[in-house]
Amino acid sequence: MSNSQRVLRSTFIAAILLCAWRATARADVLYTYGFTPRGIGMGGALAAVADDFGAAYYNPAGSVFHIQPSVGAGYLYSGSKMTGIGIQAPKLDPTQGALLGTVLPIPLGGVLKERIAFAMSAFFPNGLLLGIDVPYPTQTQYPLLQNSGRSQTLIPTLAVKILQGLSIGGGVNIFNNTSGEWKARIDQSGDVQATVTQEMLTSFALTAGLMFKPGAFWPVVDGLRFGFVFRDKFFTHYKIPVATVVANVPLIIQFNAISLYTPRQFVGGVSYSFDRWLLSLEVQYNQWSGYPDPSLDVNVNFKIPVLPISFRNSITRPPHFHDTTGVKTGAEALALASGDGDLLARFGFAFDPSPVPPQSGDTNYLDSDRYIGSASVGWKWRGVGAYQFFAPLVFDVGGQLQYLPPRVSYKDSDVNTDNPGYPKVGFRGWLYAIGASISVPFDYE
Amino acid sequence: MRRTIAICLFLWLAPAAALAGPYEFFGVGARASAMGGAYSALGDDAAGLYYNVAALTQVTRFQAEIGYSYGIPNMTINGVRQNVNLNNGFNIGTVVSSLIKGHRLTIGVDVYVPDAHMMRFLEFPTDQPHSPLVANDNQTIVTLAGAGFEAARWLSIGVGVNMLASNHGGVDLQINQNAPSEGSLHSRIGNFAAPIAGLWSRPVDWLRLGLSYREMVVCRLTLPNDIHIPALTGFPGTITPLLRPSELLLWADTWSQFAPRQFEFGAAFDPHPRLTASIDLTFQQWSQMKSDAPHTLINMTGGLEDVFPTTNGPPPPAPNFHDTFNPAIGVEGRAVVDPHATLALRAGYRYRPTPVPNQTGVNNYLDSNTHVVSSGFGLTLPTFSEILPRPVSLDGFVQYHYMMPRTVLKSDPNDWIGDYKFAGQWWNFGGTITLRF
């Protein structure tokens with residue numbers, strides 16, 4: 001190893017240690033915990049790595065550096081233990097589902113040889129395409145976590161290698177919105193008959209990345225990678241008006257909700273591999289300030305004849321979330337190398353500041369900074385003795401523990417005493433996630 | 001007057017037409033659609049995921065397909081043309097193949113994405129004339145994923161899934177007179193997988209046999225809406241309530257997107273090096289079809305019940321569909337076989353007997369026996385360019401569906417809708433580009 005490489009390595013390790021106290025964020029399950037057990041175990045700091053079947057999520061530009069196609073599948077389970085302060089902590093359902101990812105280099109010829117790759121990352125929560133819970137506005141709730149594991153995620157991407165050490169990639173995060181109508185009438189016999197419409201409309205959020213390997217131009221920094229990722233914000237709409245006639249009196253109630261908000265994200269990362277080590281560090285900016293009122297918007301049109309009675313619509317309560325910046329760090333080491341396989345050990349740390357302001361008003365949004373520690377092991381199994389598999393089987397197991405320190409808000413004097421968070425609302429708790437996967441590279445022939 | 005009301009209702013109708021999903025009705029893939037859907041013994045592209053997942057093992061390396069289809073309906077009731085949704089959407093398929101210890105394993109995904117919706121439930125009351133079969137199904141994303149494995153040189157097996165969603169959800173509202181109304185929402189769009197499976201065999205070079213199974217698909221939509229209303233006062237400042245606290249429950253439950261359990265057997269022959277012929281026979285278990293009309297309940301308790309008494313009717317009657325056998329035949333002739341290009345011409349025919357019985361009762365399901373004729377072409381360029389060194393194909397098709405006129409005679413002379421006659425046609429066009437890598 002040359003002097004310049006030693007300086008680079010030392011500088012890199014020092015930067016990680018200095019930055020380890022600021023980190024990342026949440027909303028959908030990939031945002032909250034990461035994708036793939038390897039990514040989960042490395043604190044999610046893979047924007048400048050993206051060299052496995054999770055590339056489409058971590059950095060779509062990384063997929064084009066794969067020589068072989070690969071496919072991986074796994075399972076994720078996450079749970080929580082929350083303790084209320086001044087309140088009884090609301091229940092947070094566990095998240096569990098299947099992970100699926102693939103990287104397929106497209107074997108073109110000529111000037112496009114080994115320059116284009118397709119990749120896809122997907123998460124399928126158990127038995128769900130989309131689940132939304134929107135509690136009453138003043139109810140104690142976890143606005144960032146309560147729906148995070150209830151949405152199917154599908155991210156297809158395409159990457160292009162522009163130069164030998166430079167690539168760009170882009171794709172979309174595919175979701176759906178729900179709208180419809182519930183319209184009833186009374187038929188000739190006096191029975192209620194209804195026309196029910198419900199539509200799920202496809203929506204997309206852009207994701208894009210860039211990866212730069214300066215070692216392709218300057219061998220002295222071989223092993224160094226830079227990654228930049230952009231993920232646009234997304235959210236789902238739910239809109240179903242109810243229209244019926246009650247004894248010739250029209251009753252129309254429209255309700256709308258926005259849920260699963262995940263902020264626009266800008267990620268910059270750097271990784272460095274040397275000897276048996278891979279170190280990574282990234283900074284992530286999350287534009288939480290666009291977070292809309294997560295409560296149900298209710299519009300009532302029901303006028304009872306003769307009686308001077310009318311109903312009021314709901315009111316909007318802007319949540320005033322603020323943007324956050326976080327840092328993730330991760331490391332991977334080749335702990336054991338043998339003829340049968342390689343054992344990889346990984347760990348990571350991240351810090352995620354909360355975007356939620358103090359809850360001194362009507363709402364009771366529970367959220368706190370997250371201190372995230374993680375670890376993972378991987379076994380790249382080539383075979384047993386003389387018997388070698390057709391391709392190495394890669395088994396990964398990873399876990400994450402997230403600490404949410406106590407956070408308490410005291411209500412203003414103008415808040416009703418029957419507010420569920422009066423006179424103070426707070427909580428502390430833990431989140432945890434474990435995942436396992438198997439992946440395999442293969443050839444088209 | 002009654003007839004006038006019925007005609008007005010007909011004109012107000014949105015959808016009408018024919019069979020279950022877009023694949024059951026129109027087929028998938030330009031080549032298969034041109035050959036009348038007689039494809040369970042062929043299935044050597046992404047369309048194989050639907051017709052016979054085992055046949056995918058004929059695909060080598062990696063190929064990607066993208067297609068588009070556009071279907072134009074012409075449905076009439078009593079001679080009046082109806083406003084029926086188009087059938088238009090993209091079809092995307094990817095098939096990846098590899099050899100494991102000399103045995104081919106091929107994995108594929110095929111997705112149909114309608115232009116308008118990812119999924120739609122549009123459910124009409126029992127007595128409203130409509131098609132139970134295509135109203136929603138060509139407005140629903142279809143996702144098929146599966147794998148074929150070459151167990152022996154002459155035999156492949158395949159399994160996969162057809163993924164769809166059902167929905168349960170509603171709101172709990174508190175609508176207030178003297179404070180802002182507010183509410184909570186609970187919604188679950190659940191996914192489920194219906195299995196598909198197949199066997200494919202090539203006992204001799206000139207003969208291919210296929211047997212496939214597709215499990216029944218049906219989606220459920222449940223919408224409970226619970227509305228709470230506090231005691232209501234009449235005038236500002238008064239505290240004596242005019243109405244006691246009330247609760248209004250609006251509840252609807254319906255089944256939709258039904259596709260029957262199917263067993264399909266097919267054979268393909270190559271009587272001449274330039275000619276392929278195929279036949280299929282499909283059994284469709286329509287007798288399992290549930291009513292697609294919403295079962296609706298409005299329940300009121302408290303003060304509202306005092307002033308708005310409401311009755312609820314019985315659940316929708318069963319549709320009593322019957323099982324069907326659909327025969328299909330297809331031919332393909334390779335008119336031009338040249339080192340630089342291959343041009344194939346195709347034609348097909350399918351007969352689709354209707355599963356819908358005579359609509360003499362309350363139900364008004366519109367469907368009739370249908371003849372489907374089709375034709376198409378396939379142009380393959382073995383070496384498209386240096387960038388795409390493997391074959392590139394462009395396939396196109398056109399289909400004509402003729403729904404035979406059918407007369408509905410009601411047994412009850414006082415039936416609100418009355419007697420009527422309906423008929424229909426569909427023109428369906430499409431194309432697929434296949435890139436092989």
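Quick note on labels: first sequence line is chain A, next is B, and so on, each numbered from 1. Just so it is clear, the structure is predicted and the values come from calculations on it, not from any experiment.
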What part of Ile227(B) lies closer than 4.5 angstrom to a heavy atom of chain A: side chain, backbone, both or neither? side chain

I need the full list of salt bridge (Lys or Arg N to Asp or Glu O under 4.0 Å) pairs touching residues 123-143 of chain A, with sequence neighbours left out, sorted by first then second residue. Asp133(A)-Arg150(A), Asp133(A)-Arg188(B)

At a 4.5 Å cut-off on heavy atoms, which part of Gln139(A) comes close to chain B: side chain, backbone, both, or neither? neither

The reported gap from CZ in Phe118(A) to CZ in Phe62(B) (rounded to nearest 0.5 angstrom) is 7.5 Å

Contacting region of Ile107(B) [heavy-atom separation from chain A under 4.5 Å]: neither

Could you tell me if the side chain of Phe442(A) sits less than 4.5 Å from the side chain of Leu105(B), heavy atoms only? no

Counting heavy-atom pairs under 4.5 Å to chain B, which of Ala391(A), Ala257(A), Pro137(A) comes out on top? Pro137(A)

Side chain proximity check, Ile229(B) to Phe311(A), heavy atoms < 4.5 angstrom: yes

Option that, when pairs with chain A are counted at under 4.5 Å, heavy atom only, ranks first among Ala179(B), Ala64(B), Pro389(B): Ala179(B)

Give, for atom CD1 of Ile175(B) and atom OG of Ser314(A), the distance between the pair rounded to the nearest 0.5 Å. 12.0 Å

Which heavy atom of Tyr136(A) sits nearest a heavy atom of Gln174(B), and at what distance? OH-N, 3.7 Å

If you check every heavy atom in residues 101-115 of chain A against those of chain B, which residues fall under 4.5 Å? Leu104(A), Pro105(A), Ile106(A), Pro107(A), Leu108(A), Gly109(A), Gly110(A), Val111(A), Leu112(A)

Could you check if a side-chain atom of Ser181(B) sits within less than 4.5 angstrom of a side-chain atom of Val300(A), using non-hydrogen atoms only? yes

Residues that Arg436(B) engages under salt bridge (Lys or Arg N to Asp or Glu O under 4.0 Å), provided they are two or more places apart: none

Top of Ile315(A), Asn313(A), Asn126(A) for chain B proximity - count of heavy-atom pairs under 4.5 angstrom: Asn313(A)

Residues two or more places apart in sequence or in another chain: which of them pass side-chain contact (heavy atoms from CB on, under 4.5 Å) with Thr143(B)? Val111(B), Ile141(B), Met163(B)

Mark yes when over 12 heavy atoms from residues, nucleotides or ligands other than Gln68(A) sit less than 6.0 Å from its CD; otherwise mark no. yes

When the 4.5 angstrom heavy-atom criterion is applied to Pro125(A) and chain B, the contacting part is backbone

